[in-house]
S.K.: 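Here you go, one structure.
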Amino acid sequence: MTEILYMKDIDSNYTREFDAKIVEHGFDYVVLDRTAFYAVGGGQPSDTGRLVWDGGSAQVREVTKKDGPKHHLVQNPDNVPDAVKGVLDWDRRYAHMRMHTAQHIISGVVYDSFRARTVGNQIYHDRSRIDFAPVTFSDEMLAEVEAKCNEIFSRGTPVNISTISRDVLEREVDAQRANLDLLPKSVRELRVVTIGDFDVCPCAGTHVRSLSEVGKLRITKRDRKGKDKERVTYELDI
Ligand SMILES: [Zn+2]
């Protein structure tokens with residue numbers, strides 16, 4: 001198994017470089033004993049970057065998970081020595097962190113205002129989207145969501161990451177608001193992202209330390225995706 005360096009607390013999400021050992025050389029990948037690279041999943045793209053060593057380096061094109069180990073896809077994995085330094089493409093990863101924290105706030109605001117749940121989401125570095133149901137948005141409703149989110153961002157609330165038992169979480173949160181009811185019952189310990197007293201949500205993604213880092217929300221598009229499902233696309237201005 002690979003130790004995941006961004007799981008334990010919010011500060012660990014800011015790890016840009018790390019030392020690691022190679023535990024497996026595959027056909028088009030290597031497996032590291034520890035990594036700060038995010039593996040694609042949960043609507044957040046993989047991190048990209050480089051593995052570097054004395055006299056060489058390899059581009060990490062994507063990181064995928066297969067049954068636990070994280071596969072760092074590189075060209076010529078046999079050329080990668082046993083000890084490397086991992087270096088993330090930080091601008092891209094930091095954009096994903098801002099987008100992901102924004103997504104939690106937007107999802108919370110839409111649930112609180114209209115009781116519509118988040119049924120899908122996809123983050124990119126330059127724009128992101130969230131699918132909501134059941135809902136039919138009007139322009140006024142989305143203007144209200146945008147204004148409310150920007151007001152919340154302006155509070156600069158700290159973002160925290162912790163591990164909480166499912167029993168405790170079930171007592172303390174609205175299971176539908178946190179999408180807790182969608183997680184397999186077998187998962188008893190959850191990594192939870194807490195944003196002040198506004199939001200508590202199980203999540204394995206990467207986040208910023210404070211809402212002051214998110215930027216300003218601009219909702220750019222709304223698409224009908226089904227009978228009562230709508231897709232909202234957004235960007236973040238600095
Ligand atoms: Zn999340």
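When a ligand or atom number is given, it counts from 1 through the structure's own listing order. Along the sequence shown, the residues carry numbers beginning at 1.
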S.K.: Kindly state whether the ring of Phe137 and the ring of Phe132 have centres lying under 6.0 angstrom apart.
M.R.: yes
S.K.: Which distance, rounded to the nearest 0.5 Å, do you find between the OG1 of Thr206 and the CE of Met7?
M.R.: 11.0 Å
S.K.: In plain terms, say whether Lys21 and Asp82 are close enough for a salt bridge, that is, a side-chain N and a carboxylate O under 4.0 Å apart.
M.R.: no
S.K.: Please work out which of the three classes, parallel, tilted or perpendicular, describes the rings of Phe37 and His72, given edges at 30° and 60°.
M.R.: perpendicular
S.K.: Protein N/O/S atoms under 2.8 Å from the Zn ion (ligand 1): how many?
M.R.: 3
S.K.: Just jot down the side-chain hydrogen bond (donor to acceptor under 3.5 Å, both in side chains) partners of Thr233, sequence neighbours excluded, or say none.
M.R.: none
S.K.: Do Arg177 and Phe198 form a cation-pi contact, if we require the NZ or CZ to be under 6.0 Å from the six-membered ring centre and within 45 degrees of the ring's axis?
M.R.: yes
